[in-house]
2 protein chains.
Amino acid sequence: MIRRKGLTSVELAKLAGVSSATISRAFSNDPAIKPETRERVLALAAEHGFRPNAMARSLNNSRSRLVALVVNTVANPAEAEGLDLLIHRLQERELMPLLLCCANHEDRGHLMRIASTYQVDHVVLYSDAVSVDDALDIFRSATLIVASSEPLEGRDLFDVRLDASAATAQIVDHLVGQGRRHFVYLSGRASSHIDKQRMRWFADALERHGMAFEIVEHGDYSYESGYKEAVLLLRRLRPDVLVCANDLMAIGAQDAATLLGLKIGADLAIVGHDGVSLSNWDSHSITTVMPPHGVISDALIELIERPPTAPPEQHVVNCIVRWRQSTGPAPR
Amino acid sequence: MIRRKGLTSVELAKLAGVSSATISRAFSNDPAIKPETRERVLALAAEHGFRPNAMARSLNNSRSRLVALVVNTVANPAEAEGLDLLIHRLQERELMPLLLCCANHEDRGHLMRIASTYQVDHVVLYSDAVSVDDALDIFRSATLIVASSEPLEGRDLFDVRLDASAATAQIVDHLVGQGRRHFVYLSGRASSHIDKQRMRWFADALERHGMAFEIVEHGDYSYESGYKEAVLLLRRLRPDVLVCANDLMAIGAQDAATLLGLKIGADLAIVGHDGVSLSNWDSHSITTVMPPHGVISDALIELIERPPTAPPEQHVVNCIVRWRQSTGPAPR
DNA sequence: TCTAACAATGTACACGCTTACATTTTCACG
DNA sequence: CGTGAAAATGTAAGCGTGTACATTGTTAGA
């Protein structure tokens with residue numbers, strides 16, 4: 001296996017009988033180049049397998065076309081299913097995703113510092129893996145784009161904020177309309193921003209009916225914890241609605257409830273969050289509050305493509321409801 | 001938000017009263033530098049937030065510390081759960097993963113060509129997303145590392161090959177020992193290399209008992225197809241063992257079998273592949289043939305860290321069995 | 001035919017770092 | 001105290017592009 005280095009623009013220039021500047025112009029769609037020359041250069045380049053060196057290129061125009069994606073882990077479908085779409089969109093635009101997986105990584109700062117070394121143009125904070133301030137501090141010369149449901153008041157950032165208030169209200173209205181009165185929220189990690197938000201949205205929606213809900217704080221986002229906590233709380237509290245911090249816990253809870261002889265969608269309604277694809281299996285069809293991944297990705301891309309001089313901009317994206325069997329017959 | 005560019009090594013040199021070469025040496029662990037100077041430079045660098053520009057660095061030593069990871073999609077846990085570990089290992093070594101998601105991407109060649117532009121040091125073909133030849137052709141100056149279960153005879157590549165023959169044999173022996181005789185394999189995509197391999201391993205294991213199995217070729221790796229095909233085939237063939245091309249289908253099949261009144265692990269044994277975490281839920285505990293992600297990642301890292309002059313090397317990694325309830329009581 | 005304006009290309013330097021080589025400093029030892 | 005080797009640092013030439021500016025070629029209008 002011979003590892004030959006590709007040729008450079010000067011070498012190709014020699015072969016084409018032009019200067020390296022012309023090579024550069026051929027590849028950068030410069031209108032100053034004669035179309036025929038362009039064609040000739042590109043043909044020759046293709047023939048010899050020449051492609052401009054992105055390192056050298058970004059060294060002097062300081063645009064790397066690299067986008068750092070800061071996530072927790074790709075092993076979690078709730079994150080990965082949206083991420084996959086975003087990566088796809090980036091690739092369509094010939095932007096290169098640099099993935100930073102922060103879960104299990106003690107020193108996230110170090111991780112980001114290394115990434116910043118590559119002169120990334122944009123940083124997308126795709127999960128709550130790191131704080132906005134840390135990221136701002138480290139990625140000084142990149143534009144930071146935050147995707148979160150945490151309200152970042154007055155921060156003047158580029159951000160796409162998820163809002164599930166409407167979706168949550170729809171579900172609550174529907175369930176209250178079914179005559180349900182006893183709501184319980186099973187938390188994943190009560191201290192997490194996303195969990196706090198979700199509880200707040202539920203509280204608001206219930207309050208409009210003059211109602212409240214109880215919180216069980218012992219979950220950890222896993223199937224097992226959903227199962228275990230559901231067994232305990234169903235015996236103790238006897239709710240007719242169980243809202244779970246994520247779909248995995250909702251599925252675990254459903255299995256537990258079934259085991260206890262409850263009829264899902266009738267005796268007990270179950271609601272999940274995230275809308276992961278497995279919430280829609282026949283075995284456990286979970287009504288869930290889902291972030292619209294396509295809309296989010298589009299908004300993020302829009303922020304990424306904004307000219308660097310443009311002022312910070314905020315998008316608010318509304319979550320949607322996936323009606324499934326765990327809340328009985330769907331409305332309308 | 002002020003986007004100030006960081007300072008350069010010459011500027012820092014000026015501040016430190018040294019030359020830019022000394023700065024470079026301080027950051028590259030060059031033994032030729034006096035420890036105290038090194039400390040002084042690093043302290044000053046930290047103070048001013050200086051970090052060397054990776055683009056400029058790799059431009060002249062042609063080592064980018066970038067690793068291209070060619071995968072299908074991160075949305076599929078079977079891929080993502082192993083990938084997550086590999087990314088973690090890379091990050092520990094200060095190597096940057098450049099993710100190429102090929103599923104849904106018509107022109108994978110183009111994707112790879114762009115990535116190659118960034119002078120990646122290594123390319124890991126982590127799934128069957130693209131052919132080895134295409135990758136070799138495009139990433140001329142990087143070393144290619146292939147992770148697959150497809151035997152690449154005589155290709156003289158760096159590769160980590162999965163072998164499930166022993167694991168498969170263990171399962172088959174166990175099931176035959178339980179008195180089971182009628183084996184059916186539900187395929188995901190019969191044309192895929194991985195599926196062909198898995199069928200071959202099963203064929204071999206059964207052959208040693210003088211037995212064979214039937215193949216149902218209508219699956220597509222989804223829960224739904226597992227469910228649907230299982231309903232059809234269980235009525236038609238009445239097997240006592242159903243081997244599925246992946247865990248999702250196995251779970252679907254289990255739901256179908258349960259619906260038909262079969263007792264899983266007794267009337268019917270079900271076997272999956274991939275060992276995704278959700279194969280271990282209480283609701284559907286599936287015995288599965290699992291690639292040891294840790295071992296695979298270690299092997300890949302070892303190949304990545306091999307000096308560029310080293311000759312190609314092959315690792316064979318044995319899959320392991322996760323005994324669950326879908327095959328009845330575990331052996332021993 | 002001459003000139004001005006424009007189109008197309010070439011020239012040369014900058015981007016921020018590494019590194020071979022040159023130079024200076026240090027230090028041990030006679 | 002002088003000498004030479006070793007240690008530490010400085011100098012300068014790239015690495016492969018993009019791009020401002022200079023240069024050449026072309027065409028229109030008078």
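In the text below, chain A, chain B and the rest are named by the order of the sequence lines, each starting its count at 1.
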[X] side-chain proximity, nearest of [options]:
X	options	answer
A/Lys34	D/dA8, D/dG16, C/dA8	C/dA8
A/Asn61	D/dG18, D/dT9, C/dT19	D/dG18
A/Ile33	D/dT17, D/dA8, C/dT9	C/dT9
A/Thr22	C/dT18, C/dG10, D/dT9	C/dG10

Starting at [atom1] of [X] and ending at [atom2] of [N], how long is that distance when rounded to a whole Å?
X	N	atom1	atom2	value
A/Arg25	D/dG16	CZ	P	20 Å
A/Asn60	C/dC15	CG	C1'	5 Å
A/Gln119	C/dG16	CD	P	9 Å
B/Ile23	D/dT9	CD1	C1'	12 Å
A/Tyr118	C/dC17	OH	C1'	14 Å
B/Lys14	D/dT11	NZ	C1'	14 Å
B/Asp30	C/dT19	CG	C1'	9 Å
B/Met55	D/dG14	CE	C1'	19 Å

Say whether B/Ser277 and B/Glu81, considering side chains only, have a donor N or O and an acceptor N or O under 3.5 Å apart.
yes
Does any donor atom in the side chain of A/Ser149 or A/Gln197 lie under 3.5 Å from an acceptor atom in the other side chain?
no
Phosphate-side-chain proximity, [X] and [N], N/O vs OP1/OP2 below 4.0 Å:
X	N	answer
A/Thr8	D/dG16	no
B/Arg63	C/dT19	yes
B/Thr37	D/dT9	yes
B/Ser19	D/dT9	no

Check this for me, if you would: do [X] and [Y] make a salt bridge, where the nitrogen-to-carboxylate-oxygen distance has to be below 4.0 angstrom?
X	Y	result
A/Glu36	A/Arg40	no
A/Glu94	A/Arg65	no
A/Arg161	A/Glu150	no
A/Arg113	A/Asp137	no
B/Asp134	B/Arg108	no

Result for 5'-nearest mapping on DNA chain D, choosing between A/Arg57 and B/Pro35, is B/Pro35
Specify the residue among A/Ser24 and B/Ala32 whose closest nucleotide of DNA chain D lies further upstream toward the 5′ end.
B/Ala32
Bend across the helix from C/dT1-D/dA30 to C/dG30-D/dC1, to 10°, with axes taken over 5 pairs at each end?
50°
Is atom NE2 of A/His48 surrounded by more than 12 heavy atoms (other residues, nucleotides or ligands) closer than 6.0 Å?
yes
